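The block underneath contains the structure these notes are about, expressed in structure tokens.
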Amino acid sequence: VSINVPDNECVGSAVGLLTDGGSVTNVSVGGSLTAKNGNGGVVGRLTESGSITDCSNSAEVTATGNGGNTAGIVGAAYYTRENEEMNITGCSNVGKISGGTGVGGIVGLSAANVKNCSNDGEISGNNTSVGGIIGEQRNYGEVSGNVNTADVTNTNDGAFGTGGIIGWIRYFNDPTAYAVSETVAVTDNDNSGKISGGASAGGIVGHIYNRAVVSGNTNTAAAVSAKTFAAGIAGSLQLESNNMFADEEADIDVTGNVSTTPVGSITADCADQFAYNNDKTHFTVENNGDKA
């Protein structure tokens with residue numbers, strides 16, 4: 001493809017907007033795609049229910065200006081509905097992906113289950129939520145069995161959330177858009193790409209608000225660096241009262257992960273081998289190691 005619509009949104013090589021349980025399977029894309037926001041190599045946006053399976057992208061995908069929600073497979077898979085799910089499975093990206101906020105190798109903004117996907121394309125952003133697989137995971141979803149081998153870079157030192165698998169996990173208190181909200185689970189993912197830039201960076205997840213389970217993941221990045229927070233697994237764990245979960249419900253568990261990034265190669269104002277924990281009352285970091 002050769003798609004160049006720099007002022008447009010909701011742009012995909014195969015489908016612009018996928019809704020109501022639709023599915024896209026076995027689509028391969030090459031070439032280039034440039035749009036403003038909500039653009040993916042295969043699908044622009046997926047909402048509430050549907051599936052994207054066994055698709056691949058080698059096209060260079062670019063968001064213009066400060067645009068975002070940009071990725072190799074689907075720009076945004078968001079909003080949740082009772083008794084419905086979105087699933088992105090077995091997809092791969094080797095294309096270079098760049099944009100503002102919400103930039104990912106597979107999904108830019110996600111409330112979907114993302115499983116067994118891979119990214120080998122360079123990822124770069126200049127705002128919040130930049131990740132090797134997912135830029136931002138919001139309100140819902142299981143993220144498991146994914147592999148990122150590419151470098152992930154955020155050029156904005158004031159922007160939170162740069163990660164090898166997910167840039168930022170957070171929750172919006174908006175039941176009209178997110179009728180279903182559950183703890184995000186990040187399990188059995190692998191990252192080997194170097195993670196650099198932004199205000200918080202992690203080998204697996206850059207920044208987490210209030211709730212998540214992060215377990216069984218492996219990070220072997222040569223280096224992880226950011227301005228304020230950096231760690232081998234999760235850059236920063238933060239209690240945020242304006243997010244959906246109240247203080248007494250906050251619970252982040254970072255357990256049973258492996259990070260081999262040398263401590264001297266994890267650099268930030270606040271750095272930790274595994275996870276920089278801002279609230280030990282609500283959050284647990286234990287049983288992590290530096291050997292598989």
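These figures come from a predicted structure and were not determined experimentally. Numbers for residues simply follow the sequence, beginning at 1.
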(Q) Does any part of the side chain of Ile134, heavy atoms only, come nearer than 4.5 Å to the side chain of Ile106, both counted from C-beta? (A) no
Q. Which heavy-atom pair separates Ala63 from Gly99 by the least distance, and what is that distance?
A. CB-CA, 3.8 Å
Q. So, do Asn210 and Leu239 sit near enough that their side-chain heavy atoms are less than 4.5 Å apart?
A. yes
Q.
Aromatic contact between Tyr209 and Tyr171, with the criterion being ring centroids under 6.0 Å apart: yes or no?
A. no
Q.
I need the minimum non-hydrogen distance between Val258 and Asp290, along with the two atoms involved.
A. CG1-C, 4.3 Å
(Q) Do the side chains of Lys115 and Glu142 get close enough for a salt bridge, i.e. N-O under 4.0 angstrom? (A) yes
Q.
Any heavy-atom pair between the side chains of Val184 and Tyr140 that's under 4.5 Å?
A. no
Q: Answer whether the closest heavy-atom distance between the side chains of Asn257 and Asn219 falls below 4.5 Å.
A: no
Q: With the side chain counted from C-beta on, respond yes when Val254 and Phe274 share a heavy-atom pair under 4.5 Å apart, and no when they do not.
A: no
Q: Could you tell me whether the side chain of Thr153 reaches within less than 4.5 Å of the side chain of Ile123, counting heavy atoms only?
A: no
Q | Arg45/Glu9 ion pair, N-O < 4.0 Å | A | yes
**Q.** Non-hydrogen side-chain atoms of Asn39 and Val61 separated by less than 4.5 Å
**A.** yes
Q) Should the pair Phe229 and His207 be assigned to parallel (<30°), tilted (30 to 60°) or perpendicular (>60°) ring geometry? A) tilted
**Q.** Exam field: side chain Ser49 to backbone Gly21, donor-acceptor pair closer than 3.5 Å
**A.** yes
Q. Can you find a pair of side-chain heavy atoms, one from Ser192 and one from Thr220, that are under 4.5 Å apart?
A. yes
Q. At their closest point, which heavy atom of Gly232 faces which heavy atom of Ser259, and how far apart are they?
A. CA-OG, 3.4 Å
Q. Which residue, Asp269, Asn154, Thr267, Asp157, forms the side chain to side chain donor-acceptor pair (under 3.5 Å) with Lys227?
A. Asp269
Q) Is a salt bridge present between Glu136 and Arg170, judged by a nitrogen-to-oxygen distance below 4.0 Å? A) yes
Q. What pairs of residues pass the side chain to side chain donor-acceptor pair (under 3.5 Å) test when at least one of them lies in residues 14-27, not counting sequence neighbours?
A. Asp20-Arg81
Q.
Do Arg138 and Phe172 form a cation-pi contact, if we require the NZ or CZ to be under 6.0 Å from the six-membered ring centre and within 45 degrees of the ring's axis?
A. yes
